[in-house]
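Just so it is clear, the structure is predicted and the values come from calculations on it, not from any experiment. Chain identifiers are assigned alphabetically (A, B, ...) following the order of the sequence lines, protein sequences preceding nucleic acid strands; residue numbering begins at 1 within each chain.
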Amino acid sequence: MARNLPLALLSLAAGLGATWVGARGVGALPPLGALLSPSVGLWANTANDLPERADAKIPGLTDSVDIRYDARSVPHIFAKNELDAVRALGYVVARDRLFQLELQSRAGEGTLTELVGDVALPADQETRRLGMPRAAEARMKTMDTTGALYRILAAYAEGINAYRTSLATAQLPMEYKLLQKTPREWLPIHSSHLLNRMGYTLAHSPIELDLLQARALVGDSAARALWDSSSPVQEPIQPAPRNAPREALTALYSPGAPDTSAQRLVASLGSAPGALRFIRDAALTADERFALQQERAFASNNWAVSPSRSISGKAMVAGDPHLELTLPSIWFEVHLVVPGAMDVGGVTIPGLPGVTIGYTRAFAWSFTNTGGDVMDFWRETVNDAARPTTYELDGAQTPLEARVEQYRNAKGNVIATDTVYYTHRGPMRKQGSEWLSMRWTVLEAGNELLGFYQGLHATTASAFLDSLAAYYAAPAQNMIVADTAGTIAIRSTGKHPIRANKGRGTDILDGRTRGNDWIGFRTVSQYPQSFNPAQGYLASANQEPVDPQLDSLYLGTDAHYEIWRALQINRLLRADSTMTPDQMRAFHTDPGSVRADRLVPAFVAAAQARLQQGDASASLKAAESILSAWDRRYTRDNTGARLFETAMVRAMTLLWDEFIPAGKDAAVVRPSESRLLQLVGDAGNAWWDDKRTGDVREDRDQLLARALAQAYDTLVTEFGDPAKTPWTWGTVAPAKPRHLLRLDGFSAPDVPVDGGRGTLNPSTGSRRANFGASWRMVAELDASPRIRAVYPGGQSGNPGSPRYLDRLATWGNGQLDSVRTPRTPKDLAASDVRATLTLTR
Amino acid sequence: MTKRSIFLSAVVLQVAAQAFGGVWGAAIAGLLVGLALRDRGAFRIGFGSALLACALLLAFVGARGGDVLTFASMLGGNFKLPGYAIILVTLLLPAVQAGGIAGGTARLLRAQS
């Protein structure tokens with residue numbers, strides 16, 4: 001008895017303790033028993049992936065739907081009417097991407113905290129303060145519930161919810177098990193939230209606050225030359241009548257005396273990090289923001305060639321949107337067939353019921369981001385600086401709308417509250433002692449899906465673009481299309497605001513008068529566009545859409561665009577008039593870089609000049625040796641690109657020291673990199689002088705050589721002596737698709753890639769950002785389109801599935817898969833069918 | 001009943017309990033083993049049967065197409081642990097639950113009788 005009792009209690013304590021830890025978790029330790037149970041935990045998600053045959057029910061379905069998953073796990077949906085096809089689309093997307101659906105819609109709704117906890121509060125606050133959920137709610141309130149758009153959104157929701165409610169606990173996606181949550185009901189408004197989120201990702205680049213701070217530091221003329229002017233090299237989307245880019249490398253104004261009015265406004269806005277809250281990543285310093293922008297390659301390419309420039313005599317189109325590389329991918333590949341009504345394939349964004357980029361029997365299309373200026377700011381005069389209820393407008397006090405935003409944690413408890421005010425323009429926020437309101441086209445969008453559905457019935461490239469133009473508002477996209485008749489076309493489609501008095505969107509305006517409001521939008525005929533150009537090809541890569549010499553109406557400034565990839569793709573297309581689909585494929589990962597070709601020689605020449613002048617720096621000598629030996633191509637095995645990239649970052653930091661306010665140690669703003677083109681030919685420009693070095697006045701060579709030597713030393717510390725361990729690009733700058741929740745174990749291994757910043761494949765991983773080609777497609781528009789495509793990752797969002805990463809190697813090697821385009825279920829060979837799914841009522 | 005048949009019965013009980021009851025199943029089955037076996041050896045039988053049952057269920061996952069070893073490495077990557085550690089924890093947790101509860105219960109009952 002005496003011996004048994006303590007041992008009994010000890011034994012029970014171990015057993016019950018293990019049960020408690022297993023069922024509830026302790027501290028940061030999750031409930032391991034529930035997670036590791038082979039029958040209901042994470043292990044269960046690894047079994048029975050995509051069974052060969054399955055049946056399911058969707059209550060709203062009007063007829064049965066036959067779905068065949070091909071060998072690439074692409075579901076081919078054969079439905080008898082379009083709404084059933086949409087219901088089936090919702091079902092198959094949910095089947096592979098249920099958690100992603102919820103995460104992405106919550107990101108646009110500002111309710112991430114309810115799913116992932118307090119860590120998401122800053123992101124949710126930004127979303128709500130930008131007015132995104134309010135806009136989605138307003139959109140849904142005014143939507144005709146008997147109209148086509150609502151019926152599409154509702155049908156999609158029916159499909160998602162049919163799958164969601166069919167799941168047993170053991171079948172829930174892993175992420176829900178880890179977060180100890182269950183999937184919420186999908187509502188039509190969730191698609192609207194997701195659309196806003198895409199707008200935030202692609203059309204949120206205000207420059208007013210940057211320009212203002214720059215004016216406060218270097219004066220109006222110098223700041224405007226950097227921020228409020230066009231790109232220094234013009235290779236526009238709408239082809240200009242010439243066969244080469246137009247270079248406008250005018251000398252930059254030297255930094256001047258501060259603009260006192262700008263200084264006053266900056267002072268009243270507050271200059272502490274985070275004060276200028278409309279800027280993305282406002283809490284970071286300008287240097288950190290710049291580094292992140294360099295890594296965050298929100299970009300894309302698309303191009304098309306006419307039959308006259310293709311070896312087959314058929315039009316071809318290619319595209320590769322550059323977005324964050326996540327697992328699962330932002331894209332899900334599908335094919336929908338409704339005999340006599342619709343036959344469309346390509347990629348859909350989970351949560352949006354449509355094919356975003358893809359093909360029909362008659363044409364294929366792809367998008368790049370237009371990136372123009374679609375967000376403006378006004379300085380409002382309110383009746384109460386702390387708790388305003390009205391704002392001044394045309395001499396009258398006008399009521400403000402106040403909306404209280406409550407943020408809840410995963411348990412449903414309120415963790416924070418905000419009051420967001422709205423003027424007739426949009427959301428208004430306090431910045432220092434000022435109140436700034438904002439107008440943004442993304443908040444005024446919402447009918448885009450209708451454009452897609454109408455466009456899918458088009459039979460020509462022009463009709464497709466016209467359908468989209470009728471409904472598409474934001475985020476503005478450069479839509480390229482080629483059809484089987486040989487037409488190629490591109491149009492920068494979306495709302496492009498027109499400001500009063502032929503104004504620009506670069507300054508914060510006085511909000512007291514409607515006279516400073518937007519006065520309209522460009523008409524479709526005013527959109528930058530081109531149909532069957534004489535040059536025989538079209539290309540967009542986020543560059544300025546139209547040469548301002550040909551169309552002076554304001555669209556944006558150099559800060560909104562990027563020139564490097566546009567120069568590269570045009571260089572490649574001009575050089576070859578006998579294109580093949582495989583050459584188009586190879587362009588996606590072409591390692592050539594106009595940026596490196598233009599700027600590396602400047603570094604090398606500077607280093608050589610300094611060495612000849614007696615600079616004895618061993619680092620400079622070693623760096624010059626590496627850089628001059630580099631062929632300036634971003635192949636995965638090159639050993640010079642890492643040094644160039646680091647030297648560029650360093651040079652930008654040294655160069656723009658004028659933007660470091662007195663008493664601070666970091667710049668508050670940074671001009672775009674393309675401005676270097678204007679400076680490298682101007683060796684003595686005052687911008688080269690580093691004012692922190694006192695009496696010494698640096699010139700171009702001194703500054704570039706210093707940046708190069710410092711970059712070399714940095715890399716030696718980070719990666720070791722290059723003589724012993726060369727800085728091989730594929731090793732030091734791999735792509736790293738990461739899991740949506742940033743879980744290392746569910747993220748992809750490092751993928752060495754050809755490409756880097758400024759090349760057509762800006763895929764590089766970093767500590768904070770992993771961007772790159774999220775989808776690559778080449779379409780040859782023969783009588784029946786021949787499509788080749790790939791994206792990084794796999795169709796399944798389940799890390800335990802063999803379909804989670806099965807496309808990664810193909811993507812990493814720059815190869816493409818052949819896309820199946822069956823007209824009927826019988827067109828898919830039995831050997832090519834991985835699984836079937838039959839949906840009934 | 002021989003010790004072997006007792007052990008096999010406990011394994012069957014654990015397989016059913018863990019398959020349908022997950023983490024609670026292992027505990028309840030452990031309790032039943034403890035109640036049934038007031039004799040010495042309840043801990044060992046509870047522990048061993050739960051461990052073997054869990055291993056069988058894991059093997060069943062593999063038989064249904066799950067790549068257990070690869071997935072163990074992925075899971076381990078989230079906790080900075082090697083894959084085998086995840087498998088070990090998977091097996092040991094129900095074993096400690098069931099063994100502890102079975103052994104403790106049996107000893108308590110012995111102490112009272």
Side-chain angles (χ1 to χ4, degrees), chain A residues 1-24 28-52 169-170 174 178 739 741-749 798-802 804-805, chain B residues 18-27 30-31 34 42-43 46 53-68 70-81 86-87 89-112:
Chain A
M1 170 77 188
R3 183 167 167 260
N4 269 342
L5 193 59
L7 279 175
L9 293 177
L10 193 65
S11 186
L12 271 177
L16 293 173
T19 303
W20 182 263
V21 171
R24 296 289 171 88
L29 199 64
L32 289 177
L35 292 175
L36 296 178
S37 161
S39 53
V40 296
L42 302 177
W43 297 106
N45 295 74
T46 67
N48 210 21
D49 178 65
L50 200 65
E52 276 184 34
T169 307
M174 287 187 195
L178 288 165
H739 182 261
L741 293 180
R742 303 280 190 261
L743 298 174
D744 288 342
F746 295 163
S747 298
N798 172 10
S801 164
Y804 183 64
L805 280 172
Chain B
Q18 288 186 36
F20 295 105
V23 64
W24 295 110
L31 179 66
F43 179 89
C54 190
L56 287 171
L57 288 170
L58 212 49
F60 185 59
V61 168
R64 290 170 64 219
D67 186 343
V68 171
T70 301
F71 185 65
S73 296
M74 291 176 85
L75 266 185
N78 293 326
F79 303 102
K80 301 200 184 331
L81 290 171
I86 297 296
I87 294 178
V89 174
T90 299
L91 298 175
L92 283 180
L93 193 69
V96 173
Q97 283 181 259
I101 292 172
T105 306
R107 280 184 184 275
L108 269 184
L109 291 175
R110 276 211 304 278
Q112 286 182 339

In short, A:A18 meets B:V96 closest at the heavy-atom pair CB-CG1, 3.8 Å
In this structure, CG of A:L10 is separated from CZ of B:F43 (nearest 0.5 Å) by 9.5 Å
Practice item. Please check if atom CZ in B:F60 has more than 12 non-hydrogen atoms from other residues, nucleotides or ligands closer than 6.0 Å. Key: no
What one should report as the nearest heavy-atom pair of B:G22 and A:S37 is CA-OG, 3.9 Å
dist A:T46:OG1 -> B:M74:CE (nearest 0.5 Å) comes out at 10.5 Å
query = Does any non-hydrogen side-chain atom of A:L5 lie less than 4.5 Å from one of B:L108?
reply = yes
Value for CG (A:L12) from CZ (B:R107), rounded to nearest 0.5 Å, stands at 11.0 Å
Applying a strict 4.5 Å limit to non-hydrogen atoms, the region of B:S73 in contact with chain A is neither
The interface call for B:A72 against chain A, heavy-atom contacts under 4.5 Å, is both
Ring geometry between A:W43 and B:F71 (parallel below 30°, tilted from 30 to 60°, perpendicular above 60°):
perpendicular
Between B:G104 and A:S11, the two heavy atoms sitting closest are N-OG, 3.1 Å
message = Strictly distance-based, threshold 3.5 Å: is any side-chain N or O of B:N78 a donor or acceptor partner for the main-chain N or O of A:G745?
response = yes
When rounded to the nearest 0.5 Å, the distance separating CG of A:L35 from CD1 of B:I86 is 10.0 Å
Shortest non-hydrogen pair, B:T90 vs A:P38, comes out as CG2-CG, 4.3 Å
Ranked by heavy-atom pairs below 4.5 Å to chain B, first place among A:G800, A:G33, A:A47, A:A170 goes to A:A47
If one checks every heavy atom of A:L42 against chain B at 4.5 Å, the contacting part turns out to be both
Of the listed B:L31, B:V68, B:I87, the one with the largest count of heavy-atom pairs under 4.5 Å with chain A is B:V68
d(A:L36 CG, B:L91 CG) to nearest 0.5 Å is 10.0 Å
